[in-house]
Amino acid sequence: MHKNTALDEFETTGFDTGEFDLEERQALRRVAGLSTELQDVSEVEYRQLRLERVVLVGVWTSGTAEDADNSLLELKLLAETAGSQVLDGLIQRRQKPDPATYIGSGKALELRDIVESTGADTVICDGELTPGQLRQLEDTVKVKVIDRTALILDIFAQHAKSREGKAQVELAQLQYLLPRLRGWGGNLSRQVGGRAAGGVGIGGRGPGETKIELDRRRIRERMAKLRRQIGGMSTARDTKRQARQQREVPAVAIAGYTNAGKSSLLNRVTGAGVLVEDALFATLDPTVRRARTPEGRLFTIADTVGFVRHLPHQLVEAFRSTLEEVADADLILHVVDGSHPDPEGQLAAVREVLADLDGVAGIPEIVVVNKADAADQEVIDRITRRERHSIVVSARTGKGIPELMELIERELPRLDHEVHLLVPYERGDLVSRAHKEGEVLSVAHVEDGTVLHARVLPSLFQELERVGKPVERVS
């Protein structure tokens with residue numbers, strides 16, 4: 001029998017999809033590139049081909065020493081996800097980052113010595129650097145310097161697969177790059193040319209529009225084009241979402257910190273076959289699948305992009321159309337890694353991002369403490385005491401999943417219309433919808449049609465009332 005419903009696109013063919021994605025990702029690993037020394041070595045034989053070898057630097061301004069260590073540990077995982085080899089990690093205690101070199105001129109010279117002794121070719125800072133800090137720190141340490149924002153953008157660029165995801169990441173990268181463009185040499189100067197010199201006179205007329213200005217203009221034009229493309233792609237997503245809303249199928253959104261196990265939970269609940277990997281931001285593209293509660297009620301469940309501390313605002317803006325899946329949900333499953341050193345910090349970081357999205361504030365939330373098989377029981381008890389509306393599960397072993405499904409059943413919008421009607425056989429489609437979208441209490445087949453006793457949503461109730469006959473009037 002041919003299916004032709006709006007929700008058929010959320011069907012899955014099995015578990016193969018994620019396995020193929022993981023195999024492909026492991027088979028073709030990114031090589032970070034050539035050595036990135038800023039010193040001018042003109043002889044090509046002295047250039048070295050190698051993976052990026054990095055030194056991490058953090059500034060500890062507030063919180064405990066354990067918080068600072070956890071932040072740098074997360075930066076290490078981000079760097080390794082991007083394909084780097086971490087050689088050393090340093091933390092400096094300051095009231096605030098140095099406005100010139102982030103860590104101060106003296107510490108920058110010490111960092112240069114460490115870079116030379118370890119043979120590192122990149123320094124990664126645990127914060128967002130201003131263009132001035134970036135340039136001065138590079139001039140001191142003599143190797144490439146990037147900040148946390150650039151690192152996260154690089155990971156997103158590696159992992160984006162869909163056309164929409166690639167466009168969103170490129171837009172975020174260009175927004176980050178625009179204020180950080182800089183030129184080397186006179187040909188990139190800001191001199192104006194010709195009559196535009198405006199009376200400056202001899203010696204004041206430059207070469208016209210310089211390359212750095214040209215680059216800025218091209219970046220702005222590309223950003224405008226990407227915004228138009230993303231707007232067009234979000235139209236298709238809105239159409240699919242409206243189709244689900246018209247059928248009044250409840251929507252559940254999975255949100256949470258990166259690597260908390262959101263995709264694993266989606267696979268466990270629906271058998272979606274989404275890529276699962278022990279890496280930060282392994283999956284970026286949102287996945288919507290359908291599932292059923294223990295009583296057979298249909299609902300959709302969406303896996304969204306993961307969050308992280310200090311998620312770059314460029315990414316939040318670029319992925320806003322994707323994050324709307326959370327804002328349009330009837331219920332949010334907030335997944336947290338119970339085995340993480342700071343699960344409370346994960347919860348706070350995710351809620352900080354969600355607070356910036358319109359329409360999220362009033363949506364019910366269930367805190368799902370995942371990875372119970374690897375977590376310390378004391379930590380789990382601490383989270384569940386603090387988060388009253390929570391449940392402990394293990395997506396890997398399946399522990400707690402039946403209880404989670406029952407909790408979802410209770411939290412979804414109620415089926416507040418009860419019908420007890422005789423539905424003609426020619427309108428069997430309505431009986432089928434009652435099975436899919438509602439809660440069927442009993443069904444019996446008689447000579448004139450189907451006697452249906454069910455709880456349904458308002459739209460289906462109106463259609464059944466129009467075509468059905470009350471049971472007491474059936475002869």
Side-chain angles (χ1 to χ4, degrees), residues 63-78 81 252-272 274 276-283 291 293-294 299 301-311 326 329 331-355 360 363-412:
T64 64
E66 186 180 4
D67 293 336
D69 290 344
N70 287 338
S71 182
L72 206 67
L73 178 61
E74 184 174 89
L75 188 68
K76 172 181 178 289
L77 295 174
L78 287 167
T81 301
V252 176
I254 302 176
Y257 213 76
T258 180
N259 208 30
K262 299 183 298 300
S263 297
S264 298
L265 184 64
L266 180 72
N267 288 345
R268 174 63 68 174
V269 170
T270 68
V274 176
V276 172
E277 184 180 7
D278 185 16
L280 306 187
F281 302 113
T283 49
T293 64
F299 67 95
I301 183 165
D303 180 20
T304 60
V305 63
F307 301 121
V308 72
R309 286 183 186 84
H310 313 302
L311 188 69
V326 179
L331 176 66
I332 297 174
L333 300 183
H334 186 163
V335 184
V336 61
D337 181 359
S339 64
H340 190 270
D342 183 22
E344 289 88 355
Q346 288 193 349
L347 288 166
V350 174
R351 284 169 176 160
E352 183 180 346
V353 177
L354 292 179
V360 174
I363 301 175
E365 176 193 65
I366 298 174
V367 174
V368 181
V369 185
N370 193 22
K371 305 186 183 179
D373 53 310
D376 187 343
Q377 187 60 44
E378 184 179 338
V379 175
I380 291 177
D381 293 340
R382 189 178 74 223
I383 299 172
T384 52
R385 281 196 303 270
R386 180 173 176 176
E387 302 291 339
R388 297 296 183 184
H389 204 44
S390 60
I391 188 168
V392 180
V393 305
S394 171
R396 188 176 69 86
T397 65
K399 175 188 174 183
I401 298 298
E403 291 80 4
L404 173 62
M405 298 302 290
E406 291 174 2
L407 186 55
I408 291 173
E409 172 88 63
R410 293 197 298 269
E411 291 295 328
L412 288 178

Is there a side-chain contact (heavy atoms from CB on, under 4.5 Å) between I408 and V269? Walk through the geometry before answering. CA-CA 11 Å; I408 291 173; V269 170; 5.8 Å; no
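The nearest pair of heavy atoms linking S394 to I401 is O-CG1, 4.4 Å. Listed here is the closest heavy atom pair of S339 and A375: N-CB, 3.8 Å. Contact record, D303 with S263: OD2-OG, 2.8 Å, taken as the closest heavy-atom pair. Residues A255 and K262 share a closest heavy-atom pair of C-CD, 3.6 Å. The shortest heavy-atom contact between G261 and V335 is C-CG1, 4.4 Å.
Counting only N and O atoms by type, the side chains of D381 and Q377 include a donor and acceptor under 3.5 Å apart. A donor-acceptor contact closer than 3.5 angstrom links the side chains of T64 and D67.
The closest donor-acceptor contact from the side chain of E403 to the backbone of I391 lies at 3.5 Å or more, if one exists at all. Judged by distance alone, with hydrogens and angles left aside, the side-chain atoms of N370 form a donor-acceptor pair with the main-chain N or O of A260 at under 3.5 Å. Side-chain N or O atoms of K371 include none that pairs as donor or acceptor with a backbone N or O of V336 at under 3.5 Å.
The side-chain heavy atoms of I332 and V360, taken from C-beta on, include a pair separated by under 4.5 Å. With contacts defined as side-chain heavy-atom distances shorter than 4.5 Å, the pair P343/V379 qualifies. When side chains are defined from C-beta on, E387 does not count as touching H334, because their heavy atoms never get closer than 4.5 Å. Using a 4.5 Å heavy-atom threshold, the side chains of V326 and I363 count as separate. The closest side-chain heavy-atom distance from Y257 to V308 is below 4.5 Å. Taking 4.5 Å as the limit, every side-chain heavy atom of H340 sits out of range of all side-chain heavy atoms of N259.
How far CG of L331 is from CD1 of I366: 4.5 Å, rounded to the nearest 0.5 Å. We find the CD1-OG1 distance between I301 and T270 to be 7.0 Å, quoted to the nearest 0.5 Å. Atoms CZ and CG, from F299 and L412 in turn, are 6.5 Å apart once rounded to the nearest 0.5 Å. The structure places CG of L407 at 12.0 Å from OG1 of T293, a figure rounded to the nearest 0.5 Å. Here the OG-CZ distance, from S390 to R385, works out to 11.0 Å after rounding to the nearest 0.5 Å. With rounding to the nearest 0.5 Å, the separation of NZ in K76 from OG1 in T81 is 9.5 Å.
Within 6.0 Å of the CZ atom in R386, the count of heavy atoms belonging to other residues, nucleotides or ligands does not exceed 12.
For D342 and R309, the salt-bridge test passes: some basic side-chain N is under 4.0 Å from an acidic carboxylate O.
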